[in-house]
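Below: the structure, in structure tokens.
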Amino acid sequence: MAGIPLYFVDLQDDLDDFGIEDYGQDCGSMRITAFLDIPGQDNLTPLARLEKYAFSDNVYNRQIIARGLLDVFRDFSNNEEGFLTVMEIVVRLSEDAEPTVRTELMEQIPPIAIFLQESRPKFPTAFFEYLMPIVVRYLTDVNNQVRKASQEALLILLEQDLVAQSDIENKVCPILLDLSAPDSDDEYKVEAVNIICKMASMLSRTTVEHMLLPRFCELCSDGKLFQVRKICAANFGDICNAVGQEATERLLIPKFFELCSDSVWGMRKACAECFMAVSYTTSPEVRRSKLSPLFISLISDTCRWVRQAAFQSLGPFISTFANPSSAGLYIREDGTLSIRPPAQDGNSNSCQPSNNITLMSSSANAALSSSEQPMEIKPESSTEETSAEVHPKLSEDLNKDLREESSDCCASPGEEVSHLCQGGKAAAGATEATKESSFPGMSSRLPSAEDVFNTFLYWRPPLPDISQDLELLQFKAEKHNDACSVPCNNCVASSEIKKVLESLQEHIDDPDVQAQVQVLSAALRAAQFDSVGDCETKKMEESGDNLQNKMILDETGVSDAACNQVQGDTLSSPASQDDISDQSATSVLKSTDSEEQHRGTSVFLRKEQESNPPFEDDKSKLQDIIPQPLLDQYLSMTDPARAQTVDTEIAKHCAYSLPGVALTLGRQNWHCLKDTYETLASDVQWKVRRTLAFSIHELAVILGDQLTAADLVPIFNGFLKDLDEVRIGVLKHLYDFLKLLHADKRREYLYQLQEFVVTDNSRNWRFRYELAEQLILILELYNPNDVYDYLRHIALTLCSDKVSEVRWISFKLVVAILQKFYANSANALGLNFINELVVRFRHCSKWVGRQAFAFICQAVVEEECMPVDQFVEHLLPSLLSLASDPVPNVRVLLAKALRQTLLEKAYFKSVGNPHLEAAEETILALQSDRDQDVSFFATVKLKQALPAWCCSP
């Protein structure tokens, strides 16, 4: 800036090349256009001088004026005439032939617009009349840098909500539509589609759907430029989110299918990366029936990069199937998981009869505590999805009965086995009651006879032997399998997969092709199972009533030996038990819901695998929350062959998304992920184990205390002995994990907390700092005796650390321990701890220890963690004795403690206090101290003093 006054000497024209070029960031806070206010020999006003340099022949002059326009507007904001003159100068400057000047001008438009918004009462239409047309015009500028600057400015203005809706619809959108037209220049088209995708999330849904969505669909099918299609694919999720579910399923999903099958692998890779965002905006039916097979095709793509992106998105895509009502968890505003209070779910997630029978027979629910049973047995679909469609009134009445008898049907999973042995007659009775009842006039409960004695809830005569009938039913189903009338998309999928497998046989020697064959083979088996299961479910539903009638007819003639045989088969065959329960529920409710059909498919699939030895190992991996092929592919991410054919870090991606997958499946399906989690926990790559260590506390919330104690605690113990890079993940959330354990299990870790003090690298002081922070939180989990016996030693060890930051946080830990003792009336432990602090710190041979004692005493008074009479008796004399310490740093902290904290308390302000005189005498001595800093802090008032942490120990 030193050269700027040279503009105003006589030889102006000869010196125009000086000064402006020297402008740089070293000018500090000076205004860029400050030279306009410097009086010179040109006798021009600042406004005339601005106009002179704005249209100077020197390009640097014009750049400086464009760069300093915000300051100019501020200077003339109180002068309406001068303000409008500046606006006219800006409009003329926007037509400058030099691209750098136009770029500088456009970069100043957003801050000027924000300033004008703040000054709106003075100039309400200045931005819309003068500046907005410049932004729109620059979108079609011939210079690339100017166009990019205008696009960035437009996005900022839209984000700040500074553009009127009329300008968006009448000025911005028409320009973008023209630029993205089929006959437009390629460069303009690429930029236009990019800005359309970015601004979609900032506009209203109506504007995007009616003005931009049709053009976006056309651009997705652009056959001329693959760059256009790639931009569309990369931003597909944002567009779906902007237009909503209905438009996504009607218009965008077909285009998404086209992009996923594009001949350019970059398009398919971009689709795989945004798959979760697309799935999030679709309905569960579309997600399951359309997007899942599409994702399987991406995960088995011929290009390795596409498969790599698909596997990375597999976990996030599975998480979109999550249903909070079935998981029993909700996400707080801070992003943490928490168990949903049962009171919030009582109305919308009551136990459904059909689902209750199926779910209560699983072993996963049997492992849950009785206090959590009402929450965990909720079906994975909503009440509307599982209610009976044929007889809604009966379904409502059964729901009421079931809620009133919740202690019988929901409290104890073990009782469900006996209920299943009694279900035949009850189901038949309920069916007869349904046929004989008049639904419009039906009362809120079943007939009074059912109220007195219900065979479904109490003991009944034994069931007849129907094993031969079941075998006959299965034989008929297999015989007429080809003639099954149930529409099944899996059959089409199977034929398509077979064609792909045949085409890959020629390249079977390629390792990548072998990996694809494995993927497609697994998908083919799953599709065949689903197709057979759907047909079987249809047959079982059609023959349900006949089967129940036959049970009633044969009931009286059954011997005790046959009854025992049936009961033994029921208890020993989970598949048969599920079949009977599913048929009984179907006959009672007459439900035709798709979720019930899917559950029947799962039952039949389990029965098929019991009779098929090669798939015996996969029996425990079955579930009905997400499509089984997706889960199979996710579980295969731990296969070492995947690391060679897909991605070397595929196991890390699997570990990263595992909590989301576990939340989606729910704790009742934890058995599907247990082996995978154990495999990841023992992975040779420490990055994989580190990822699990950072998320094990969230997984513990999802699984509950019993599954955590059984399956996660052993892995947690292994992480405690792992590398520091893994241990830090456990340590950062140590409190969050320990608070989920039972008190007896939690107490076992008192012995292991000492191990965190020792690290692989002694220079890793942040590890010890994190330990001190966690111990402050962990104090509330243990009783005072345990704190004194175990945590006290760790705290004192950390107080002697070589790094001051560790010592500093450890002093706060010591104060928290002292507060723990006195808050729980453990005064004896508190007194012993105080005596130990006096010996260890007050009489320490190093001045750092004595300084720490002054800080601890100050923190004790600030936090009021002990009675004041105890403080003045046991700590105050030792604290005041530091006034004669030879080290000034100790006396400085003593002066701070007395002046800023101790003497500000009401106890020491009371007249006649015997301890006040001793404290004031010490302050007077410190005020006359020979060290200048000591006397300063002993004299300065609290509001003028520096904070206590400015002088760290």
Side-chain angles (χ1 to χ4, degrees), residues 754 756-759 762-763 765-769 771-773 775-776 779 787-788 790-821 829-863 865-866 870-902 919 922 925-926 929 931 933-934 937-938 946-953:
Q754 182 70 33
F756 281 109
V757 180
V758 182
T759 57
S762 59
R763 295 182 179 179
W765 61 269
R766 291 181 177 84
F767 195 93
R768 301 188 295 275
Y769 184 92
L771 173 61
E773 284 191 327
L775 289 179
I776 294 176
L779 290 177
V787 172
Y788 186 84
Y790 300 99
L791 303 185
R792 174 179 60 91
H793 299 289
I794 303 177
L796 295 177
T797 302
L798 293 174
C799 287
S800 303
D801 198 88
K802 296 180 180 180
V803 181
S804 62
E805 287 293 331
V806 178
R807 296 196 304 270
W808 195 259
I809 189 65
S810 300
F811 299 152
K812 296 181 180 179
L813 172 60
V814 168
V815 175
I817 292 176
L818 198 59
Q819 187 175 15
K820 173 78 174 181
F821 292 152
L829 297 178
L831 182 58
N832 293 337
F833 191 45
I834 289 176
N835 295 332
E836 188 172 3
L837 292 177
V838 171
V839 174
R840 179 180 287 264
F841 295 107
R842 170 58 191 89
H843 302 291
C844 181
S845 59
K846 298 182 179 180
W847 68 268
V848 175
R850 301 193 298 273
Q851 187 189 49
F853 182 78
F855 173 77
I856 291 174
C857 291
Q858 181 182 9
V860 167
V861 176
E862 286 180 346
E863 300 295 334
C865 59
M866 62 182 297
Q870 295 286 326
F871 174 81
V872 298
E873 180 180 357
H874 301 292
L875 285 177
L876 185 60
S878 300
L879 176 64
L880 297 179
S881 65
L882 292 176
S884 59
D885 195 278
V887 179
N889 285 355
V890 178
R891 301 197 303 274
V892 165
L893 210 57
L894 173 62
K896 288 183 178 182
L898 294 178
R899 173 59 69 183
Q900 300 177 13
T901 304
L902 204 65
T922 305
L926 294 175
D929 195 276
D931 187 88
D933 292 333
V934 176
F937 283 105
L946 295 174
W949 46 263
C950 68
C951 184
S952 60

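What you see below is based on every heavy atom in this structure, not just the backbone, and it leaves out hydrogens, waters and symmetry mates. We're numbering straight along the sequence, starting at 1. All of these numbers come straight from a predicted model, not from anything done at the bench.
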Report the distance from atom [atom1] of [X] to atom [atom2] of [Y], rounding to the nearest 0.5 Å.
{"X": "Leu775", "Y": "Tyr790", "atom1": "CG", "atom2": "OH", "value": "15.0 Å"}
{"X": "Ser878", "Y": "Arg850", "atom1": "OG", "atom2": "CZ", "value": "13.5 Å"}
{"X": "Ile817", "Y": "Gln819", "atom1": "CD1", "atom2": "CD", "value": "11.5 Å"}
{"X": "Phe767", "Y": "Ser762", "atom1": "CZ", "atom2": "OG", "value": "13.5 Å"}
{"X": "Leu771", "Y": "Ile809", "atom1": "CG", "atom2": "CD1", "value": "11.0 Å"}
{"X": "Glu862", "Y": "Leu902", "atom1": "CD", "atom2": "CG", "value": "10.5 Å"}

Specify the closest pair of heavy atoms between [X] and [Y], including all atoms of both residues, with the distance to one decimal.
{"X": "Val806", "Y": "Trp765", "result": "CG2-O, 3.5 Å"}
{"X": "Ala859", "Y": "Val815", "result": "CB-CG2, 3.6 Å"}
{"X": "Val872", "Y": "Pro877", "result": "O-CD, 3.3 Å"}
{"X": "Lys896", "Y": "Gln858", "result": "O-NE2, 4.0 Å"}
{"X": "Trp847", "Y": "Val890", "result": "O-CG2, 3.5 Å"}
{"X": "Ser810", "Y": "Ala772", "result": "OG-CB, 4.2 Å"}

Query raised in the report: When you look at Val934 and Leu894, which way does the side-chain contact (heavy atoms from CB on, under 4.5 Å) test go after all the steps?
Result: CA-CA 9 Å; Val934 176; Leu894 173 62; over 6 Å; no

Is there side-chain contact between [X] and [Y], with at least one heavy-atom pair below 4.5 Å?
{"X": "His843", "Y": "Val838", "value": "yes"}
{"X": "Phe855", "Y": "Gln851", "value": "no"}
{"X": "Val892", "Y": "Leu926", "value": "no"}
{"X": "Tyr769", "Y": "Val803", "value": "no"}
{"X": "Cys865", "Y": "Phe821", "value": "no"}
{"X": "Arg842", "Y": "Leu882", "value": "yes"}
{"X": "Leu893", "Y": "Phe937", "value": "no"}
{"X": "Leu813", "Y": "Ile794", "value": "no"}

Requested in this report: Spell out, as yes or no, whether a donor-acceptor pair under 3.5 Å connects the side chain of Lys820 to the backbone of Leu779.
Outcome: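 It does hold such a pair.
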
Query raised in the report: Ion pair present between Arg768 and Asp801, side-chain N to carboxylate O less than 4.0 angstrom?
Result: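 Yes.
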
Query - Passing option when Arg891 is tested against Asp933, Asp931, Asp929, Asp885 for salt bridge (charged side-chain N to carboxylate O under 4.0 Å, His left out) - result: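 Only one of Asp933, Asp931, Asp929, Asp885 forms a salt bridge (charged side-chain N to carboxylate O under 4.0 Å, His left out) with Arg891, namely Asp929.
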
Query raised in the report: Do you know which of Leu831, Val839, Leu837 makes side-chain contact (heavy atoms from CB on, under 4.5 Å) with Asn835?
Result: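 For Asn835, the side-chain contact (heavy atoms from CB on, under 4.5 Å) check succeeds only for Leu831.
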
**Report entry** Listed partners of Gln870 passing side chain to side chain contact (heavy atoms under 4.5 Å, CB included), at least two apart
**Finding:**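 With neighbours one apart ignored, the set is Tyr822, Met866, Pro867, His874.
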
